[in-house]
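Chain A is the first sequence line, chain B the second, and so forth, proteins listed ahead of strands; every chain is numbered from 1. Worth knowing before you read on, the calculation uses all heavy atoms, side chains too, and leaves out hydrogens, waters and symmetry mates.
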Protein chains: 2
Amino acid sequence: MTAPSETIAERLYRYFDALTRAERQLADLILENYPVSGLGSITTVAENAGVSTPTVARMVQKLGYTGFPEFQAELRRELEAKISDPIAKRDSWAEKAPDGHILNRFTDAVIGNIRQSLAQLETETFDQSCRLLAAPQRAVYIVGGRITRALADYFFLHMQVIRSGVTHIQSNSNTWPHYLLDVREGDVLVIFDVRRYENSTLKLAEMGARQGAKIILFTDQWRSPVSKYADHCLSSRIIVPSAWDSSVVTLLFLETVIAAVQELMWDETRLRMEALEDMFDQTRMFRKFT
Amino acid sequence: MTAPSETIAERLYRYFDALTRAERQLADLILENYPVSGLGSITTVAENAGVSTPTVARMVQKLGYTGFPEFQAELRRELEAKISDPIAKRDSWAEKAPDGHILNRFTDAVIGNIRQSLAQLETETFDQSCRLLAAPQRAVYIVGGRITRALADYFFLHMQVIRSGVTHIQSNSNTWPHYLLDVREGDVLVIFDVRRYENSTLKLAEMGARQGAKIILFTDQWRSPVSKYADHCLSSRIIVPSAWDSSVVTLLFLETVIAAVQELMWDETRLRMEALEDMFDQTRMFRKFT
DNA sequence: TTTTTTTTGAAGATATTTCTTCACTCCACA
DNA sequence: TGTGGAGTGAAGAAATATCTTCAAAAAAAA
């Protein structure tokens, strides 16, 4: 009848490639809050996923069930097993990996980093940084270091779409002075500097500060020396079980800033965003409405 | 309408004395494997409890619901709350920020993404990817897309230190064919492709596969079409309350891969890292302490 | 571009579930 | 041993859910 060893979630992933766009959208919903979101009536499930009931019926048949009721019965059986399992363990992230696996250890550390970094962050620091970045009359300069250049680049890519007047000062460039010529009082300098802190970055911060630039610094928990020039400093914990430091929390901050600035600038950004929407439309992954 | 603070279980206990014999029998069943046993059709529930359907209908009305469907909907809501991850449901991450602040909403979403992405990841996929990347005789080629180029760059920066034979194929380059000339059977092609998926990336994957390259794909939950050529596919959830998608989970995977490969290759890597430290010392590029 | 194939949801047909009615059973009490 | 009220479930009515069909829309191919 049904393979007892394979969960519906696994089956969904296995068949994912064979599913159509609407069906993937549905599969996504079911997996998102698994398995509860699959428990309503076929109508409810379809509505929540934004697809039609025939799509639901078709998909469960593709998955090998004779119909929606059978599919749902299987879902309930799974749920029952999951609920009644005394060792319902949430202590490991990758459930399929052994306990001491690097995936679990690493993720543990990252979650801890996120929690601690956020607990320390002052909301005002964050909000004010966003406001600075959302001021259209202020030019924005972004600069990273050896490793952080990837983060700087990521930030630049997004800000460039959101607003005008954004410049990425390439880290290896010896043309810094040229860029700095253009920096005016009140412009915003976004600096990335984590250990090991770079001398050239410090110099740049100093010069920028002297020109009257507002400095927003993304750094680690020990804070780069740049912080003495910085108006706002967002520091992230970066320790993980690795020979390298983690940039996950910094990226999280970065993305949150992007989301917030986007929202603040919505009026000015709308046209730019509509162009972006068009681009998303081209993915044809999602229907435009509902 | 329904008291949100009281669970159905509590309500059952509270009304228990007012219930008749058949109704108690039913209540017992529902409480026995709560709340899953209440999720079938009214007929199923009645049968399992050994009572008739009218008994079920009468009891839920005694409990204050307009009918069985409403009762069941409430049961599902409870279940949802119970199932969803307690860690993800932390009240607030940035404790100093108000509840609905973007910092908290964003972080909630990211934690959820991490949890779900890891739950779905097969350990074998991860381990085998790491082993491929840690094989010194295999050259490694890394390629990103419009947004993911920053991630590709980040990965490249680290892998370059860890081992030799690593190449970053710049995404905007029209020299792809040149790089592909060098790709030999068994080499590793690391591809980043999240929505919107890029045609050029797909082409590259196809060509690489034809040359016999092993393909490791970092993609999103919907999986880039590249996945049909990929030997290993690491997919991350990327949805956040933002006009943009999140790369946090992908970065987490990336860093974990880096940590694992580093460990696997430690013998070869140690010398490289020491040499690198020496070079940095000589250039005085970094501040020596703190 | 145009043509062909695939995918999709509206609408209706069918099946199932849910609810209501009502006759029967059970039990307390006279 | 009767009597009445509460409890119960069989059976059918009403409401929903599920499935199927088919034409339009979208994607892929030519």
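One interatomic measurement links the two molecules: CG of B:Leu26 to P of D:dT8, which rounds to 11 Å at whole-angstrom precision. Across the protein-nucleic acid pair, B:Leu39 atom CG and C:dT18 atom C1' stand 17 Å apart, rounded to whole Å. Atom CE of B:Met59 is separated from atom C1' of D:dG7 by 15 Å (rounded to the nearest Å). Here the P atom of nucleotide C:dT18 and the CZ atom of B:Phe71 are 12 Å apart, to the nearest Å. Whole-Å rounding puts the B:Gln72 CD to D:dT16 P distance at 15 Å. Atom CD in A:Glu70 sits about 10 Å away from atom P in D:dC19, given to the nearest Å. In this entry the distance linking CZ of A:Arg21 with P of D:dA28 reads 10 Å, nearest Å. Look at NZ on A:Lys62: it is 12 Å from P on C:dT6, rounded to the nearest Å.
Contact between the side-chain N/O atoms of B:Thr20 and the OP1/OP2 oxygens of D:dG7 is not found at any separation under 4.0 Å.
When the side-chain hydrogen bond (donor to acceptor under 3.5 Å, both in side chains) test is applied to B:Tyr34, the partners found at least two apart in sequence or on another chain are B:Glu78. In this view, B:Leu132 and B:Arg138, B:Val188, B:Lys214, B:Ile216, B:His232 satisfy the side chain to side chain contact (heavy atoms under 4.5 Å, CB included) rule, not counting sequence neighbours. With sequence neighbours left out, the salt bridge (Lys or Arg N to Asp or Glu O under 4.0 Å) criterion links B:Arg21 to no other residue. Applying the side-chain hydrogen bond (donor to acceptor under 3.5 Å, both in side chains) criterion to B:Ser246, with sequence neighbours excluded, gives A:Glu255. The side-chain hydrogen bond (donor to acceptor under 3.5 Å, both in side chains) check on A:Glu47 picks up nothing, with sequence neighbours excluded. Partners of A:Asp153 under the side-chain hydrogen bond (donor to acceptor under 3.5 Å, both in side chains) rule, at least two apart in sequence or in another chain, are B:Arg149.
Distance from the side chain of A:Ala22 is smallest to C:dG9 among D:dT8, C:dT18, C:dG9.
Using a 4.0 Å cut-off between charged side-chain N and carboxylate O, B:Glu206 and B:Arg210 make a salt bridge.
Using cut-offs of 30° and 60° on the angle between ring planes, the pair B:Tyr65 and B:Phe71 is perpendicular.
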Show which side-chain atoms of residues 35-44 of chain A pair as donor or acceptor with protein atoms under 3.5 Å away, not counting sequence neighbours.
unit_1  : atom_1 : unit_2  : atom_2 : d
A:Ser37 : OG     : A:Leu29 : O      : 3.2
A:Ser37 : OG     : A:Ile30 : O      : 3.4
A:Ser37 : OG     : A:Asn33 : O      : 2.8
A:Ser41 : OG     : A:Thr43 : N      : 3.3
A:Ser41 : OG     : A:Thr44 : N      : 3.2
A:Ser41 : OG     : A:Thr44 : OG1    : 2.8

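For the helix from C:dT1-D:dA30 to C:dA30-D:dT1, the end axes, each set by the C1' atoms of five terminal pairs, are bent relative to each other by 30° (nearest 10°).
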Identify the pairs formed between an N or O of the protein and an N or O of nucleotides 19-26 of chain C at a distance under 3.5 Å, and give each distance.
unit_1 : atom_1 : unit_2  : atom_2 : d
C:dC19 : OP1    : B:Phe68 : N      : 3.0
C:dC19 : OP2    : B:Phe68 : N      : 3.3

